[in-house]
Amino acid sequence: METHVIGFPRIGPNRELKKALESYWKGQTTEHQLKEIKNKLISENHKTQAEAGLSLITAGDFSLYDHILDMAFNLGLIPERFQKTGLQDTELYFALARGYKRENTPAQAMLKWFDTNYHYIVPEFEKKSVIKLKEKTHIEEQTELAKSNGYRVKAAIPGPITFISLSTETDICKWDFADDIIEAYQELLSRLAGKAELVQLEEPILATELTRQQKNIFQKAYDILTKAENRPPIMLTSYFGLREENTEIFFSSETEYLHIDLCRTDYRRLLSKNIPDNTKLSVGIIDGRNIWKTDLNQALGIIQKIENKLGRNRLLLSSSCSLIHVPVSLRTEHLLETYLKNSLSFAEEKCREISLLASMLEGKEDKNIIKEHQSHIKERLQHPASRIESVRKRIKELTEDMFSRTKPFEERKKIQQEYLNLPLYPTTTIGSFPQTKEIRKQRQLYKKGEISKQEYIQFIKQQINRIIKEQEQIGLDVLVHGEPERNDMVEYFAELLPGYCTTQNGWVQSYGSRCVKPPIIHGDIYRSRSLSGEWIKYAQSLTKKPVKAMLTGPVTMLKWSFVRDDLSMEEVAYQIALALRDETKEIEKEGSTIIQIDEPAIREGLPLEKAEREKYLKWAIKAFRLASSGVKDSTQIHTHMCYSDFAEIINWIAEMDADVISIEASRSKMELLKTFEEYQYPNDIGPGVYDVHSPRIPTTEEIKKLIERAAKYIKKEKLWINPDCGLKTRDWAEVIPALKNMVTAAQEMRKQ
Ligand SMILES: CN1c2c(nc(N)[nH]c2=O)NC[C@@H]1CNc1ccc(C(=O)N[C@@H](CCC(=O)N[C@@H](CCC(=O)N[C@@H](CCC(=O)O)C(=O)O)C(=O)O)C(=O)O)cc1
Ligand SMILES: N[C@@H](CCS)C(=O)O
Ligand SMILES: [Zn+2]
């Protein structure tokens, strides 16, 4: 029986890719050294899959930065502003992703990959674009490498319709290029003939609503590609779900293989469809979006039902989607409690689960291994940490009034302004200040036990001192403590909350070389100690200006973690919300007058399936309100969101009833505020006036223009002035002049 995965993590078991990229970008290593590491990582990934017993090895899924960027590069889709730089090959490739400083060439945009925490680089179609397949694509290179090592290879390629759908267009309609793109794919397929046993064309766009035009071009593309001669068999690959309205074009595509994500599609829906005779079906039964061991008995039951319909020789077993969304391996975890470690499965372990399941289906399994596997799952579900009666009782006893502030916004605003006494266009930041190498180094030393807790606390206090002084000198109105004590805005809180556990090395790629270590929610969550109060209190003691306290909201804490599978998301969200509510009350008691509760993940958490959206939004907004409305009316609640396209959910954003919301707005040049204006959004807004993703320092004039534009949409009395997001990834040398210009712009606007 054929077994495979949709993709394997590229970062390496010890973030080898991150280290290789960052030293290459700094000029400390050569391109040759970077490519050596790349080939080593690819070969190791293939070896891991083979050693786990998978029959097909996936190639072409490795990327030095992002797989969509690779595909654009393969297709010769290089925007004119980059062609003008004269850069070539690797330098050009990285310039597309990171921008080219020397000629002030901005990078291509970066967007969230469907409903994940991974970001892809958005391809750009323009009138002058010419589609021409690269002489040798990375897909062919990786396929050849795998074949030369003796593997049977499946080549992974982003599908043409997903590729175009996720692209942007400037002065032309991107679909005008569909014929050229299809032709290039035809050529790529023919080049893979005799090298790949199978080609995986990934079309996750099938999980979303498609226009008639998209559907027509989809049908045309697959009609042409399947009719092409001299090509390997094609596996049309859906994942993250398959929308009911798209099932028709999916099942009628006439590709030799189809892949379906059975973790997001009920197998009974699949069984009700007419799967064309001779079409082989790859069932994505091992979850690529979570880290729990699979219940193999339950999975086997499902597979057998599909087998009864199709026959075993038409079945392949696989992961639901690429494994880039889970950490690489459990081998490097030495500190997890044994029962927890035993209940987990990262990418490497998931490959083994697929093989185990295949052996069960064939009746060749080692019964003792399966028995042990299943008992590990049970042990976690029965562990006392998974059910804490006092937590369950609090959730049961929630009352309506706990989800609302006492007074309406207009009245709260008056009370807050009386003592905050802020000027027009108050200036602030989003929370984090540069996470310097020194800060990360000291934290590592502390974690390794090489410096004492006291020394670490002293060091963080020094950082807070500096951050407060800098802000006072810059002239900001509302200060922050700068978050130097936080490794990450989610992981930091997870480390302090019972019910969560964190890993030593469970890194997952977020974008390019940047990774996050999503914590794991395994039990009931409650607050057993202060989460942030000490640092905020210390920061406030250093200044007369208000220091805004900073918390991560319940939905973001949930969405950027791996969540338990034995309790509803809603209930877990309320547990986190109650813990945060307790924290807000404590920091309020200790003197905080402004508290920000960040919720950048609310929008990305929106289910791809439309029918599920309202239900999600209802509990997500309720969770935020539960976390934020336990404070007095005089306490000003801020929230922050970035990467957000609000149009669809503006009514829900208003329902959050935060006194102030800060949003990313500089790249859209405030266009996003139209939505707020049209909806007559009632509360105060801080549209970002400084793009923190770029090293460029915005001028005072530029920022003033943005504020003027913002004031066209939103009454000036409602406007706050702030950057788009936190400053943790920037250097001090960029942050100080940029914030000075921001403050000067606000001051000049006040005079005006
Ligand atoms: C806002 N974003 C976030 C998302 N998800 C989160 N969970 N958190 C987020 O902030 N999703 C959407 C966006 C994604 N954006 C980013 C932006 C930046 C990063 C990033 O910088 N990641 C860091 C790792 C951050 C971290 O956890 N640091 C730890 C460990 C530091 C470390 O690597 N230490 C070294 C040794 C230190 C040294 O000597 O330099 C080591 O262990 O080897 C910490 O600060 O303690 C990254 O480097 O990738 C991610 C997402
Ligand atoms: N308070 C966080 C929000 C990031 S979305 C920060 O400033 O980094
Ligand atoms: Zn942000």
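Everything numeric here is computed off the predicted structure, so don't read it as measured data. Ligands are counted one by one from 1 in listed order, and the atoms in each one are counted from 1 as well.
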Check: With distance as the sole criterion, is a donor-acceptor pair present between the side chains of Glu348 and Ser329 under 3.5 Å?
Finding: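 Glu348 vs Ser329: donor-acceptor pair found between side chains.
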Margin query: Is a donor from one side chain sitting under 3.5 angstrom from an acceptor on the other, for Glu583 and Ser532?
Written below: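 Per modelled atom types, Glu583 and Ser532 side chains form a pair under 3.5 Å.
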Taking [atom] as the point of reference, which of [options] owns the nearest heavy atom?
{"atom": "atom 44 (C) of ligand 1", "options": "Arg443, Lys448, Gln504, Glu22", "result": "Arg443"}
{"atom": "atom 26 (C) of ligand 1", "options": "Thr556, Val490, Asn487", "result": "Asn487"}
{"atom": "atom 22 (N) of ligand 1", "options": "Cys515, Ser510, Pro519", "result": "Cys515"}
{"atom": "atom 3 (C) of ligand 2", "options": "Asp598, Asp488, Leu551", "result": "Asp598"}

Taking only Lys NZ, Arg NE, NH1 and NH2, and the carboxylate oxygens of Asp or Glu, determine whether [X] and [Y] approach each other closer than 4.0 Å.
{"X": "Glu16", "Y": "Lys40", "value": "no"}
{"X": "Glu604", "Y": "Lys559", "value": "no"}
{"X": "Asp724", "Y": "Arg667", "value": "no"}

Going by the order shown, which atoms of ligand 1 are within less than 4.0 Å of some heavy atom of [X]?
{"X": "Lys437", "value": "38 (C), 39 (O), 40 (O)"}
{"X": "Tyr511", "value": "15 (N), 16 (C), 17 (C)"}
{"X": "Val516", "value": "5 (N), 6 (C), 7 (N), 8 (N), 50 (C), 51 (C)"}
{"X": "Lys18", "value": "47 (C), 48 (O), 49 (O)"}
{"X": "Lys728", "value": "9 (C), 10 (O)"}
{"X": "His119", "value": "12 (C), 14 (C)"}
{"X": "Asn117", "value": "4 (C), 5 (N), 11 (N), 12 (C)"}

Notebook entry, point to check: Any N or O on Glu483 sitting closer than 3.5 Å to an N or O of ligand 2?
Noted result: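 Yes, since at least one N or O of Glu483 sits under 3.5 Å from an N or O of ligand 2.
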Check: Any N/O of Pro600 closer than 3.5 Å to an N/O of ligand 2?
Finding: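 Among all N and O atoms of Pro600, none is under 3.5 Å from an N or O of ligand 2.
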Margin query: Just to be careful: counting only protein atoms that are N, O or S, how many fall under 2.8 Å of the Zn ion (ligand 3)?
Written below: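 Of the protein's nitrogen, oxygen and sulfur atoms, 3 lie under 2.8 Å from the Zn ion (ligand 3).
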Checklist line | Cation over ring face, Arg466 and Trp732, 6.0 Å, 45° | finding: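 Output yes; distance and angle both within limits.
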Item checked: Mutual orientation of the aromatic rings belonging to Phe646 and Phe676 [parallel < 30°, tilted 30-60°, perpendicular > 60°] ->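 Aromatic pair Phe646/Phe676 classed perpendicular.
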Next item on the list: Give me the ring orientation class for Trp113 and Tyr239: parallel if the planes are under 30° apart, tilted from 30 to 60°, perpendicular past 60°.
Entry: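 Plane angle between 30° and 60°, so tilted.
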Checklist line | Shortest protein contact, atom 4 (C) of ligand 2 (heavy atom only) | finding: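 Result: Met489 SD, 3.5 Å.
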Checklist line | Heavy atom of the protein closest to atom 7 (O) of ligand 2 (residue, atom name, distance) | finding: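 Here the nearest protein heavy atom works out to Ser432 N, 2.8 Å.
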Could an N or O of ligand 1 be found under 3.5 Å from any N or O of [X], whether backbone or side chain?
{"X": "Met489", "answer": "no"}
{"X": "Thr729", "answer": "no"}
{"X": "Arg440", "answer": "yes"}
{"X": "Asp488", "answer": "yes"}

Next item on the list: Only counting residues at least two apart or in another chain, list the ones meeting side chain to side chain donor-acceptor pair (under 3.5 Å) with Tyr690.
Entry: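 Tyr690: no side chain to side chain donor-acceptor pair (under 3.5 Å) contacts found.
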Next item on the list: Please identify each residue that fulfils side chain to side chain donor-acceptor pair (under 3.5 Å) with Arg564, with sequence neighbours left out.
Entry: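 For Arg564, the residues satisfying side chain to side chain donor-acceptor pair (under 3.5 Å) (neighbours in sequence not counted) are Asp524, Asp566.
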Margin query: Trp720: which residues meet the ring pair (Phe, Tyr, Trp, His ring centres under 6.0 Å) condition with it, sequence neighbours left out?
Written below: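 Once residues adjacent in sequence are excluded, the partners of Trp720 under the ring pair (Phe, Tyr, Trp, His ring centres under 6.0 Å) criterion are His638.
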Heavy-atom distances under 4.0 Å are what count here, so tell me which part of [X] touches ligand 1: side chain, backbone, both or neither.
{"X": "Lys112", "result": "side chain"}
{"X": "Arg15", "result": "side chain"}
{"X": "Tyr118", "result": "neither"}

Notebook entry, point to check: Are Asp477 and Tyr425 close enough, and set up right, to give a side-chain hydrogen bond (donor to acceptor under 3.5 Å, both in side chains), and what steps lead you there?
Noted result: CA-CA 9 Å; Asp477 301 307; Tyr425 302 121; over 6 Å; no
Notebook entry, point to check: At a 4.0 Å cut-off, with the gap strictly under it, does some heavy atom of Lys517 reach an atom of ligand 1?
Noted result: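 No, Lys517 has no heavy atoms under 4.0 Å from ligand 1.
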With a cut-off of 4.0 Å, which atoms of ligand 2 are near a heavy atom of [X]?
{"X": "Gly431", "answer": "7 (O)"}
{"X": "Gly726", "answer": "6 (C), 7 (O), 8 (O)"}
{"X": "Ile430", "answer": "1 (N), 7 (O)"}

